[in-house]
Amino acid sequence: MATPSPPSESGLPIAPVPPAAAPPAPARRPNRVPLYVAVGAIAVVLLLLLVLVAAPMLTGSGKGGSSPVDMTYAHAKPIADQAVANFQGGGWVAVVGSGVAPENTTVVPVNATSVATSTNCSLNVSAGAPSSLTVPAYNGTRTSGVAPLWTFVYKNVVGLAAVVVVLNGQATVLGTISGGTCASVFAFLSPIPSNVVDSSVAAAAVAGAAAPFLASYPNASTVYALLGGINFGVLSSGPQWTVLYTTCPAVSAGSTAVGAQFNATVNGTTGQLISTHTATGVSCGSGSSGTTPLASVLAFGGGSTTVNPPYTNVTYPIVVASGGVSWSDFTASLQTSTGVPISSGWLLLAQTPTGTTIATFDPTVGAWSGASTAAITAIDQIVLTSTNPSVGSGDLLTLSGVGSYTGSILLFVP
């Protein structure tokens, strides 16, 4: 079925975009564009779902709790560094750090079962580690960069990752995670450099852009996530902060709960705001019957744009594909930078590195055609091809897990 023709800016119809006629995008070119939020999402998913062990997320049992010790990244990291220094022989370098400031007091279980079920990773809990963590509600300013809980992921030369939490000013080594998705992800995460800006700087950078959202949701739960960087062959990026404000509740698999969220990315060394996005009606991460986070098995590099009138093609290389995930395991949607859905005039092509189309997703029917059940490999790519003048820089392509997969991957149009 041909994609209906969207109106052009002049009001006249433009040529339809038949799936069969969509030209193959050029083969993926080596580039050094940052790996956008898809890879950042993997780090956050691993951090909040693996490291905090697939816990209830950011709301919990109620207000109040013990007197918290709220601190920024710069205050928490030295405490974590000291705790992990001699763990299993030492040699650890931090690759991810994340502060969580929940709206409500939250009890986080520490166990291995949920990690193995969700990601095929192995969690080896350290002797003496607590069976749960009680994270007190945060009642302070949402743009301060402080949080009662900080979690750090360290890696060593043999491929293990150590998990350290700093809760109320006290550090605990929870254990190590390895294997499965974790091995493929941590292999290309770079150490956090010493010159990164503090979480307080990142929070201040997004304060203006986040003000309308926080005016509507002043008690939103907050996550400050720092990724040390990516080193994946010709693709690389430096450190980057992601600041997330969300109203999502603690939900279990199968829930249809939705919430509102604001997220922003900040350059990790300059403190410069890179991008922001606000959305409502967002799946809270467990809003389907799936049990495996899509972002734990699939990751993309940053998009690169080519123009071949009347088509504009944005190519996203796949850098992680594991667990047999296929094209039919997710659907796609597109919206403008202001949140307006774009429901026609574009297609999503699944391609080999040489530009051969494997399958095509048509938003007008909400389904894939072609060999959509083929397993995705880490050398494939997706191409957003469009003749719709509404599609442009800053738009958001959302890939949403279906079936046994849950959650979403967000890709910005460069």
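These numbers come from the heavy atoms of this one structure, side chains and all, not from hydrogens, waters or symmetry mates.
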K.L.:
Any non-hydrogen side-chain atom of Pro148 less than 4.5 Å from a side-chain atom of Pro102?
P.N.:
yes
K.L.:
For Gly91, is there any backbone N or O sitting under 3.5 Å from a side-chain donor or acceptor partner on Asn156?
P.N.:
no
K.L.:
Might you work through the side-chain contact (heavy atoms from CB on, under 4.5 Å) test for Thr242 and Leu227, ending with a clear yes or no?
P.N.:
CA-CA 8 Å; Thr242 296; Leu227 185 66; over 6 Å; no
K.L.:
Is the shortest heavy-atom distance from the side chain of Val163 to the side chain of Ile177 under 4.5 Å?
P.N.:
yes
K.L.:
Considering non-hydrogen atoms only, spot the tightest contact between Ala210 and Phe262 and give its length.
P.N.:
CB-CE2, 3.6 Å
K.L.:
Going from CD1 on Ile376 to CG on Leu298, what distance comes out if it is rounded to the nearest 0.5 angstrom?
P.N.:
5.0 Å
K.L.:
Are Trp241 and Val197 side-chain neighbours, meaning at least one heavy-atom pair lies under 4.5 Å?
P.N.:
yes
K.L.:
Going from OG on Ser400 to CD1 on Ile409, what distance comes out if it is rounded to the nearest 0.5 angstrom?
P.N.:
9.5 Å
K.L.:
Walk me through it: do Trp92 and Phe87 pass the test side-chain contact (heavy atoms from CB on, under 4.5 Å)?
P.N.:
CA-CA 8 Å; Trp92 301 97; Phe87 178 65; 3.8 Å; yes
K.L.:
Ser328 and Ser326: side-chain donor and acceptor closer than 3.5 Å?
P.N.:
yes
K.L.:
Contact between Tyr316 and Pro414 at the side-chain level, heavy atoms closer than 4.5 Å - yes or no?
P.N.:
yes
K.L.:
Tell me the closest heavy-atom pair linking Gly228 and Ile192, and the distance in Å.
P.N.:
CA-CG1, 3.7 Å
K.L.:
Start with the C-alpha distance between Thr72 and Tyr224, add both sets of side-chain angles, then the distance that settles side-chain contact (heavy atoms from CB on, under 4.5 Å), and finish with yes or no.
P.N.:
CA-CA 9 Å; Thr72 68; Tyr224 307 104; over 6 Å; no
K.L.:
Is the shortest side-chain heavy-atom distance between Ile318 and Thr377 below 4.5 Å?
P.N.:
no
K.L.:
Can you find a heavy atom in the side chain of Trp368 that is under 4.5 Å from one in the side chain of Leu348?
P.N.:
yes
K.L.:
Closest approach of Tyr245 and Ala220, non-hydrogen atoms and distance?
P.N.:
CB-CB, 4.2 Å
K.L.:
For the CD1 atom of Ile358 and the CD atom of Gln381, what is their distance to the nearest 0.5 Å?
P.N.:
9.0 Å
K.L.:
Give the intermediate values and the outcome of side-chain contact (heavy atoms from CB on, under 4.5 Å) for residues Asp81 and Phe152.
P.N.:
CA-CA 9 Å; Asp81 288 345; Phe152 296 89; over 6 Å; no
K.L.:
Is any side-chain heavy atom of Pro136 less than 4.5 Å from a side-chain heavy atom of Leu167?
P.N.:
yes
K.L.:
Taking all atoms of both residues into account, what is the closest heavy-atom pair of Ala101 and Val146, and its distance?
P.N.:
CB-O, 4.1 Å
K.L.:
Out of curiosity, Met71 CE to Ser200 OG, how far, rounded to the nearest 0.5 Å?
P.N.:
13.0 Å
K.L.:
Got a donor-acceptor contact below 3.5 angstrom from the Lys155 side chain to the Leu189 backbone?
P.N.:
yes
K.L.:
Looking only at heavy atoms, which two atoms of Ala209 and Leu273 are closest? And how far apart?
P.N.:
CB-CD2, 4.4 Å
K.L.:
Nearest 0.5 Å, please: how far is CD1 in Ile79 from OG1 in Thr172?
P.N.:
11.0 Å
K.L.:
Which atom names give the shortest non-hydrogen contact between Val391 and Asp395, and what distance separates them?
P.N.:
CA-OD2, 3.2 Å
K.L.:
Could you state the interatomic distance from CG (Leu397) to CZ (Phe300), rounded to the nearest 0.5 Å?
P.N.:
8.5 Å
K.L.:
Does a side chain donor of either Asn388 or Ser386 reach within less than 3.5 Å of an acceptor in the other side chain?
P.N.:
no
K.L.:
Does a side-chain heavy-atom distance below 4.5 Å link Ser333 with Leu396?
P.N.:
no
K.L.:
Is the side chain of Ser199 donor-acceptor paired with the backbone N or O of Tyr73 at a distance under 3.5 Å, no angle test?
P.N.:
yes
